[in-house]
Amino acid sequence: MLGMSISDSILKLVGIEDKNIKINDISHQTINGVQCHIIETKLSYDVERCENCGFPDVIKNGTHQTKIRLSSFNGDRYILKLAKQRYRCYHCNSTFGAKTDIVKFNYSLSKRFDEDILAQACSSLTATQIAKMYGCSASSVIRIINRHCHPKYREPVLPKHLCFDEFRSTRRLMSFICCDSDTHKIIVKLSNRLTKTILSIVITLSERQQVETVVADISILLNIFFQTLKLSLIDSILFN
């Protein structure tokens, strides 16, 4: 085991502030042509009472090892092998493990790793580019972004004048955007340009009636026109 001061300095360098984590060893491996630094650690602390029943009949009961991806530095990857202390309660016969705030429960990517991914996403890099930089999958990048970003679906009140348009978003997929004709403020962005998806942004009859003009290319207008005819028939039955 490394000295206390050296261990703490290394942990701080990789963004770990948990005082209950101690380094046992550091090794280096080349995985898929990338230099990886393996930090072997243990997470352990004394538990006075069982977290399930509250009785003080708790003993240490082995460890459970997990692998956590840490932030990358200078192109190298850092992997934390964390042996989490397990505990057993003789009173209720339950078991539980030591906890840390460096990673969410059942996740293998550290919180700081998430922060780095989000920072790169703000610079308009694609998920594939970010994944290549940090040595993870593009689907992992998308999951991190979706987990932390919760954009509102649309503006609560539709303006009187709207602009509709399509744009190429990812690969060959076309998406839909709607904005206020007067202020150019974005009202909603949709992942596709299907008519049923576009119509979903205007749900009630009163919302549709407050829109006075719509500017769009002819293909969008024709689709919406024919679908609106169907909706108008339904509205006349439901609201009259």
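Model, not experiment: these values are computed from the prediction.
Counting only distance, with no hydrogens or angles, the side chain of S108 and the backbone of I68 share no donor-acceptor pair below 3.5 Å. With T63 contributing its side chain and Q85 its backbone, the two residues share no donor-acceptor pair below 3.5 Å. In this structure a side-chain-to-backbone donor-acceptor pair under 3.5 Å is missing from K84 to T66. Counting only distance, with no hydrogens or angles, the side chain of T41 and the backbone of K81 share a donor-acceptor pair below 3.5 Å. Within the 3.5 Å criterion, the main-chain N or O of K19 finds a donor-acceptor partner in the side chain of K22.
Listed by chain and residue number, Q129 satisfy the side-chain hydrogen bond (donor to acceptor under 3.5 Å, both in side chains) test with T126 (two or more places apart in sequence, or in another chain). Under the side chain to side chain contact (heavy atoms under 4.5 Å, CB included) criterion, T183 pairs with D180, K185, not counting sequence neighbours. Taking the salt bridge (charged side-chain N to carboxylate O under 4.0 Å, His left out) definition, one finds that E115 meets it with nothing, sequence neighbours left out. Taking Y107 as the reference, nothing meets the ring pair (Phe, Tyr, Trp, His ring centres under 6.0 Å) condition, with sequence neighbours excluded. For R49, there are no side-chain hydrogen bond (donor to acceptor under 3.5 Å, both in side chains) partners, not counting sequence neighbours. Shown here are the side-chain hydrogen bond (donor to acceptor under 3.5 Å, both in side chains) partners of E17, two or more places apart in sequence or in another chain: there are none. Scanning for ring pair (Phe, Tyr, Trp, His ring centres under 6.0 Å) contacts around Y90 gives an empty result, with sequence neighbours left out. With sequence neighbours left out, E212 forms a side chain to side chain contact (heavy atoms under 4.5 Å, CB included) with K160, H161. When the side-chain hydrogen bond (donor to acceptor under 3.5 Å, both in side chains) test is applied to S123, no partner is found at least two apart in sequence or on another chain. Residues meeting the ring pair (Phe, Tyr, Trp, His ring centres under 6.0 Å) test with H28, sequence neighbours left out: H37.
The structure places OG of S27 at 5.5 Å from CD of E40, a figure rounded to the nearest 0.5 Å. Distance check, rounded to the nearest 0.5 Å: NZ of K111 to CG of L70 gives 14.0 Å. Between the OG atom in S110 and the CG atom in L80 there is a gap of 8.5 Å [rounded to 0.5 Å]. Separation of atoms OG (S181) and CG (L162) is listed at 6.0 Å; rounding is to 0.5 Å. Taking CD1 of I117 as the reference point, atom CE of M133 lies at 8.0 Å (rounded to 0.5 Å). In this structure, the separation between CD on E51 and OG1 on T95 is 9.5 Å, given to the nearest 0.5 Å.
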Exercise. Go through the steps to decide whether I21 and I102 satisfy the test side-chain contact (heavy atoms from CB on, under 4.5 Å), and finish with yes or no.
Key: CA-CA 10 Å; I21 296 178; I102 67 170; 4.0 Å; yes
Practice problem: Show your working on side-chain contact (heavy atoms from CB on, under 4.5 Å) between S94 and Y87 and close with a plain yes or no. | Solution: CA-CA 8 Å; S94 65; Y87 303 94; over 6 Å; no
Practice problem: Please test R147 against D114 for side-chain contact (heavy atoms from CB on, under 4.5 Å), starting from the C-alpha separation and ending with a verdict. | Solution: CA-CA 10 Å; R147 189 164 66 242; D114 284 17; 2.6 Å; yes
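Here the shortest heavy-atom pairing between F164 and C178 reads CE2-SG, 3.3 Å. Across all their heavy atoms, V214 and V211 have their closest contact at CG2-CG1, 3.9 Å. When all heavy atoms of A121 and I145 are compared, the pair lying nearest together is CB-CD1, 3.7 Å. Between L109 and V103, the shortest heavy-atom distance links the atoms O-CG2, 3.4 Å.
Counting only residues at least two apart or in different chains, ring pair (Phe, Tyr, Trp, His ring centres under 6.0 Å) contacts with residues 112-131 comprise F113-Y134. A salt bridge (Lys or Arg N to Asp or Glu O under 4.0 Å) check over residues 52-61, counting only residues at least two apart or in different chains, returns the pairs D46-K60.
Put simply, V58 and Y45 are part of the same group of oily side chains (I, L, V, M, F, W, Y) that touch within less than 4.5 Å, one to the next.
Under the side-chain contact (heavy atoms from CB on, under 4.5 Å) rule, I130 has a single partner from L118, L125, D116, which is L125.
In this structure, K99 places its NZ atom where more than 12 heavy-atom neighbours from other residues, nucleotides or ligands lie under 6.0 Å away. Other residues, nucleotides and ligands place more than 12 heavy atoms under 6.0 Å from the CZ atom of F167.
Side-chain contact between C50 and F96 is present, with heavy atoms from C-beta onward closer than 4.5 Å. Under the 4.5 Å side-chain criterion, counting only non-hydrogen atoms from C-beta, T100 is in contact with L82.
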